[in-house]
Amino acid sequence: MTTVQSSADSRQFPKFDLYRLLHTVFQPTFGCKICILIDLPDLSEAKGLAFLNNPARAIQQRARQYFYEGLKNGVMDELALKGGEMYAYVQTGGSNLDLPDECVDMEGKRLSLEKDIYPNYDIILAITTFSATAPLTAFAKQYGFRGATLHGVNEIILNSGLAVDYDEVSRDAEKLRLAMTKADSVEIDFGLENGEVLTAKLELSGQEAQKSHGLCRGTTPDVANLPAGEVYFVPTSAEGFFPMKYEDGTLGKLTVTEGRIIKSELIEGNQATIDTHNARLLDDPMTGVLGELGFGTQVLPVSGSDIQDEKVLGTCHLATGRDDHLGGHITPAQFKRHQNATHDDILFAPHKTPNFDIKQVRMTRGTQKEILIEHFQPAKYLLDALAAK
């Protein structure tokens, strides 16, 4: 049987082309000023480009090689852009945590993001270890720039998710958005290896579905998350259970009530991992609030980085924490501890969660009931939507 995964493995992608990417995503006008942001654990690594000699800075090295050097070696001239500088700020340590204000240029000179960078550039590319989408979106609206966040970029992403035609990605995302928009609820059945089935029901209250489609054109301040290709909702409530695979491989059963994870129970692995999560939920309950339900829309290979892997057709993901950048109402100020004000995706995909299956995802929209996904593959309803002209 042909699957999304086998189709992706056999798909021929064009070579990464920075000109094509920036032209398609931004359609920059004459004289737009562009810069690149990277994050470093220690800003001293920026001086003299010391980070280029550190094997642990592969993402930042790709920012320099493919984006900075690409701009300087002709792409800026082709697109009639100005600037092209690169700056570094201290790593936040978590997904979508607020950014520090201090940054440095590549000579080590200390600068302010809010005084020296945000007001002075039209396009900002954040190529970082930790996602900066939420804080950068807020700053874009405040200072009027456009941008893109490309955290976790690796060679697979460069040669697939960033090499595609984003006009096509946008069209497909819109087809699937229309197929799901104004849904009242979505139910997800998770099949565990022991035969148990966990079901989570997410209330969506007929809201307009949103899309991450990669295009960030015109003059409206906005930030694209690249690679793109996603339809998403901000749940209004949720009930039930779902499994979660922790970073150490532990598998937990999460109980959700009134839109919030209230506890985790051990299925297999390390009880201490479960205890740590429960302690966090008890100490700062906002860390358990479900702030997103997302569906991938692209046929892409597994990259090992969630920024691309959550965009794969047939996968879905939930996210906990802040959702203000998605149009939700969960802001950093609502968390007890600043370091907890993250937006953390929980991806359900065959490579990521092989010890359980997405048996079925069902949508209810008024009297309409549709199957969206079965066994990590898009169901006929979504395939028909993609095939429509």
Side-chain angles (χ1 to χ4, degrees), residues 33-52 54 56-64 67-68 83-153 221-226 280 284 286-287 291 305 307 319-326 330-345:
K33 199 171 179 186
I34 189 170
C35 75
I36 296 166
L37 296 181
I38 61 173
D39 58 348
L40 295 168
D42 188 333
L43 293 184
S44 66
E45 284 193 75
K47 190 172 184 179
L49 304 177
F51 68 89
L52 295 181
N54 187 340
R57 305 289 173 262
I59 294 167
Q60 293 76 11
Q61 290 163 13
R62 292 184 191 105
R64 180 77 183 184
F67 292 84
Y68 177 83
E85 294 83 5
M86 191 155 83
Y87 304 98
Y89 61 82
V90 174
Q91 286 182 355
T92 62
S95 173
N96 290 289
L97 284 173
D98 283 342
L99 303 182
D101 183 57
E102 185 181 49
C103 67
V104 297
D105 63 16
M106 294 300 103
E107 295 178 352
K109 180 182 177 182
R110 303 270 166 172
L111 298 164
S112 159
L113 286 172
E114 291 201 56
K115 292 178 182 177
D116 302 311
I117 312 302
Y118 300 147
N120 295 321
Y121 288 92
D122 303 295
I123 298 173
I124 297 176
L125 307 177
I127 305 166
T128 54
T129 300
F130 297 98
S131 176
T133 306
L136 205 65
T137 298
F139 283 124
K141 293 174 181 177
Q142 183 177 351
Y143 290 98
F145 62 83
R146 292 179 292 154
T149 54
L150 308 96
H151 78 277
V153 166
D222 197 10
V223 172
N225 180 227
L226 299 176
R280 189 167 182 250
D284 198 343
M286 291 302 294
T287 63
S305 180
I307 190 175
T320 58
R322 68 182 296 182
D323 61 9
D324 49 318
H325 60 301
L326 306 178
I330 305 170
T331 65
Q334 293 173 260
F335 292 80
K336 180 180 177 180
R337 303 183 190 281
H338 170 75
Q339 67 268 28
N340 290 341
T342 57
H343 175 89
D344 294 311
D345 289 318

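Residues take their numbers from the sequence shown, with the count starting at 1. Side-chain atoms are counted along with the backbone in the values below, which use heavy atoms only and exclude waters and symmetry mates.
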Report task. Please name the pair of heavy atoms, one in Ala132 and one in Asn96, separated by the smallest distance, quoted to 0.1 Å. Result -> C-OD1, 3.9 Å

Report task. Could you tell me whether the side chain of Asp323 and the main chain of Ile330 form a donor-acceptor pair under 3.5 Å? Result -> yes

Requested in this report: Indicate yes or no: at least one non-hydrogen side-chain atom of Ile36 is less than 4.5 angstrom from one of Ile127.
Outcome: yes

Query raised in the report: Taking all non-hydrogen atoms of both residues, which atom of Ala63 and which atom of Ile38 are closest, and how far apart?
Result: CB-CG2, 3.7 Å

Requested in this report: Quick one: which residue pairs count as a side-chain hydrogen bond (donor to acceptor under 3.5 Å, both in side chains) with a foot in residues 40-50, not counting sequence neighbours?
Outcome: Asp42-Ser44, Glu45-Asn54, Glu45-Arg57

Query raised in the report: Under 3.5 Å, is there a donor-acceptor pair between the side chain of Asp284 and the main chain of Phe335?
Result: no

Query raised in the report: Taking side chain as C-beta onward, heavy atoms only, is Leu136 less than 4.5 Å from Phe145?
Result: yes

Query raised in the report: Taking the side chain from Gln60 and the backbone from Phe51, do they hold a donor-acceptor pair closer than 3.5 Å?
Result: no

Query raised in the report: Ignoring hydrogens and geometry, is there a side-chain-to-backbone donor-acceptor pair from His343 to Arg322 under 3.5 Å?
Result: yes

Query raised in the report: Hey, mind stepping through Glu85 and Tyr68 against side chain to side chain donor-acceptor pair (under 3.5 Å) and telling me if it holds?
Result: CA-CA 8 Å; Glu85 294 83 5; Tyr68 177 83; over 6 Å; no

Requested in this report: May I ask you to test the Asp98-Thr92 pair for a side-chain heavy-atom distance under 4.5 Å?
Outcome: no

Requested in this report: Output yes when a side-chain donor or acceptor of Asp324 lies under 3.5 Å from a complementary backbone atom of Thr331, and no otherwise.
Outcome: no

Query - Side-chain donor or acceptor of Thr342 paired with backbone N/O of Asp344 under 3.5 Å - result: no

Requested in this report: For the pair Asn340 (side chain) and Thr287 (backbone), establish whether a donor and an acceptor sit closer than 3.5 Å, ignoring hydrogens and angles.
Outcome: no

Query - Heavy-atom side-chain proximity of Ile123 to Lys33 below 4.5 angstrom - result: no

Requested in this report: Check Thr129 against His151 and note the closest heavy-atom contact, atom names and distance.
Outcome: O-CD2, 3.9 Å

Query raised in the report: Considering only heavy atoms from C-beta outward, does the side chain of Val90 approach that of Pro41 to under 4.5 Å?
Result: no

Query raised in the report: Side-chain contact, heavy-atom cut-off 4.5 Å: Phe67 with Leu150?
Result: yes

Report summary line: Hits for salt bridge (Lys or Arg N to Asp or Glu O under 4.0 Å) against Glu102, two or more places apart or cross-chain, chain-then-number order -> Arg110

Report summary line: Output for pair (Leu37 CG, Leu99 CG), nearest 0.5 Å, gives 8.0 Å

Report summary line: Heavy atoms of Leu113 and Cys103 approach each other most closely as CD2-SG, 3.8 Å

Query - Minimum heavy-atom distance Ala46-Val104, with the two atoms named - result: CB-CG2, 3.6 Å

Query raised in the report: Do Asn225 and Thr149 meet the criterion of a side-chain donor-acceptor pair at a distance under 3.5 Å?
Result: yes

Query - Shortest non-hydrogen contact from Arg146 toward Pro221 - result: CG-CA, 4.4 Å

Query raised in the report: So, do Thr128 and Gln91 sit near enough that their side-chain heavy atoms are less than 4.5 Å apart?
Result: no

Query raised in the report: What do you reckon, are the aromatic ring centroids of Phe139 and Tyr118 less than 6.0 Å apart?
Result: yes

Query raised in the report: Taking C-beta and beyond as the side chain, do Tyr89 and Pro100 meet within less than 4.5 Å on heavy atoms?
Result: yes

Query raised in the report: In Å and rounded to the nearest 0.5 Å, what is the SG to OH distance from Cys35 to Tyr121?
Result: 5.0 Å

